[in-house]
Asks: 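Starting off with a structure, shown below.
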Amino acid sequence: MLSVLLAALLTQTAPPVQARQQGVPIGRGDKLPTVRLSAPSGGWTVDRMLLIEGTVSDTTVDPVVVSINGDRYLMRTEGGRFSRKFPAASGKNIVTVMATNKAGTARAQATSYAKVPPVPLKAILTSDTDGVYTDLHIYEPTDASSAGDTLDVKAMAHVYWADTDSPSGGTFFLNAQGGDFDQPAYGPYLYIHRAPPQGVYLIATNYWPSGDKAHTVATLNLALFEGTPGEVRRRVRIPLATPGTTRVLAWVNILGEGQAEVYVPSADPKPTGKSWPENLDAALKELQANGDSGEGEGGY
């Protein structure tokens with residue numbers, strides 16, 4: 001009898017894993033898809049924005065996976081078509097688009113060389129879940145916020161989805177695909193600054209799920225002085241679960257002369273150098289107390 005029970009237990013099938021837990025959704029087709037890139041077409045460009053556009057034969061594949069110089073993003077498809085512009089890196093831009101269905105993964109690749117000035121500060125935020133908002137929030141330094149050895153967080157310029165105008169000249173791109181103003185899903189949200197003033201920047205995300213989406217993982221790809229010998233790249237991945245929660249992803253300290261320092265609270269020891277404000281923790285508490293997340297609730 002015992003052997004019969006053991007055999008029964010061993011042959012039981014495990015409960016199905018919910019789609020949310022399986023990673024990137026795959027298409028339903030049984031034939032390996034074909035990916036075609038109409039842009040970039042290769043060669044040289046002087047455009048500051050790099051168009052990634054094409055088609056995938058299996059129209060059930062949504063999203064496709066896009067890699068730009070190794071940074072990975074998810075891009076929505078509509079009827080097998082995808083299109084989105086990204087800030088071009090100075091020099092080589094290797095673009096790979098991958099589409100996966102039941103038959104496997106297909107890919108297409110193109111390389112474009114951009115004759116554009118290097119971008120000193122670029123932040124791209126994505127998530128791994130459809131139907132959620134992982135909003136990007138940028139706090140820029142001002143003359144008032146950077147005075148002295150402490151940081152006045154209330155005096156920083158707040159750039160986000162409802163106020164995309166940067167007083168210092170940064171550019172904020174909403175998650176606009178297919179002509180929509182700002183749709184939930186994977187992103188990306190983009191922020192670039194081609195002449196960032198010296199001082200401390202705060203990069204954060206605010207999470208708003210919808211329907212049965214309980215949690216997600218946000219990914220920040222941060223590049224400083226991209227395309228130069230002093231290039232600095234950081235990738236920050238952080239889980240989000242509580243609606244309305246704002247999480248700090250990174251502090252960026254632009255020092256000038258092609259130099260900058262990055263502090264990721266979830267991964268790095270707290271900076272103690274003279275170039276950093278002495279009150280980073282207190283500044284965060286003050287921001288939380290003011291509920292200045294742009295969404296109504298704090299929760300750092």
Side-chain angles (χ1 to χ4, degrees), residues 16-45 47-89 92-114 124-136 161 173-190 208-213 216-219 221 237:
V17 178
Q18 296 180 359
R20 168 63 186 86
Q21 299 173 321
Q22 293 178 346
V24 180
I26 67 173
R28 298 187 297 275
D30 295 320
K31 180 181 178 181
L32 189 69
T34 299
V35 183
R36 290 187 172 89
L37 273 174
S38 55
S41 56
W44 291 89
T45 180
D47 292 332
R48 292 178 181 268
M49 299 298 291
L50 184 67
L51 174 64
I52 299 177
E53 189 173 61
T55 61
V56 55
S57 59
D58 183 353
T59 58
T60 69
V61 174
D62 181 27
V64 292
V65 178
V66 178
S67 171
I68 307 175
N69 290 341
D71 289 337
R72 174 182 173 275
Y73 313 104
L74 303 178
M75 187 186 299
R76 297 301 305 263
T77 65
E78 295 183 6
R81 298 181 179 274
F82 53 88
S83 179
R84 179 72 199 256
K85 288 185 176 182
F86 291 81
K92 183 185 292 187
N93 292 265
I94 302 175
V95 176
T96 306
V97 177
M98 292 160 281
T100 302
N101 65 7
K102 294 179 180 179
T105 299
R107 66 193 65 208
Q109 187 175 91
T111 300
S112 180
Y113 293 85
I124 303 182
L125 180 66
T126 60
S127 74
D128 71 343
T129 307
D130 192 10
V132 304
Y133 283 102
T134 45
D135 296 320
L136 176 64
W161 67 268
F173 299 88
L174 289 167
N175 174 27
Q177 296 185 45
D180 290 341
F181 162 73
D182 183 24
Q183 59 181 220
Y186 312 102
Y189 289 93
L190 305 103
W208 287 99
S210 63
D212 60 347
K213 309 299 191 301
T216 190
V217 175
T219 300
N221 286 294
R237 289 175 57 83

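Remember, predicted model here, so these are calculated numbers, not experimental data. Here, residue 1 is the first one in the sequence, and each next residue gets the next number.
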Asks: Against Tyr73, only a single residue in Val65, Leu125, Val64, Ile124 fulfils side-chain contact (heavy atoms from CB on, under 4.5 Å); can you say which?
Replies: Ile124
Asks: Anything under 3.5 Å between a donor and an acceptor, one on a side chain of residues 30-45, the other on a protein residue two or more places apart or in another chain? List them.
Replies:
from  : atom 1 : to    : atom 2 : distance (Å)
Ser38 : OG     : Glu53 : O      : 3.2
Thr45 : OG1    : Asp47 : N      : 3.1

Asks: Taking the side chain as C-beta and beyond, is there a heavy-atom pair between Ile52 and Ile68 under 4.5 Å?
Replies: yes
Asks: Arg237: which residues meet the side chain to side chain donor-acceptor pair (under 3.5 Å) condition with it, sequence neighbours left out?
Replies: Thr219
Asks: Have Tyr113 and Asn93 got a donor and an acceptor in their side chains that come within less than 3.5 Å?
Replies: no
Asks: Locate the shortest heavy-atom distance separating Val56 from Ala99; write the atom from each residue and the value.
Replies: CG2-CB, 3.6 Å
Asks: Atom CG in Asp71, atom CD1 in Ile94: separation rounded to 0.5 Å?
Replies: 12.0 Å
Asks: Of all residues at least two apart in sequence or in a different chain, which pass the side chain to side chain contact (heavy atoms under 4.5 Å, CB included) check with Arg28?
Replies: Thr60
Asks: Run the side-chain hydrogen bond (donor to acceptor under 3.5 Å, both in side chains) test on Asp135 and Tyr189 for me, step by step, so that the C-alpha distance in whole Å, both residues' side-chain angles and the decisive distance to 0.1 Å come before the verdict.
Replies: CA-CA 7 Å; Asp135 296 320; Tyr189 289 93; 2.9 Å; yes
Asks: Under the ring pair (Phe, Tyr, Trp, His ring centres under 6.0 Å) rule, what pairs show up with a residue in residues 47-69, not counting sequence neighbours?
Replies: none
Asks: Is there a side-chain contact between Leu190 and Phe86, using heavy atoms and a 4.5 Å cut-off?
Replies: yes
Asks: Compile the donor-acceptor pairs under 3.5 Å between side chains in residues 103-111 and protein atoms, sequence neighbours left out, one pair per line.
Replies:
from   : atom 1 : to     : atom 2 : distance (Å)
Thr105 : OG1    : Thr100 : OG1    : 2.7
Gln109 : NE2    : Thr96  : OG1    : 2.8

Asks: Give a yes or no on whether the backbone of Lys92 and the side-chain of Asn69 come within a donor-acceptor separation of less than 3.5 Å.
Replies: yes
Asks: Taking the side chain as everything from C-beta on, heavy atoms only, tell me whether Pro87 gets closer than 4.5 Å to Met49.
Replies: yes
Asks: Taking the side chain as everything from C-beta on, heavy atoms only, tell me whether Leu50 gets closer than 4.5 Å to Ser112.
Replies: yes
Asks: Is Thr126 close to Tyr186 at the side-chain level, that is, under 4.5 Å between some pair of heavy atoms?
Replies: no
Asks: Any side-chain heavy atom of Val66 sitting closer than 4.5 Å to one from Leu74?
Replies: no
Asks: Closest heavy-atom contact between Phe82 and Thr77?
Replies: CB-CG2, 4.2 Å
Asks: How would you list, by chain and number, every residue that makes a salt bridge (charged side-chain N to carboxylate O under 4.0 Å, His left out) with Asp62, sequence neighbours excluded?
Replies: Arg76
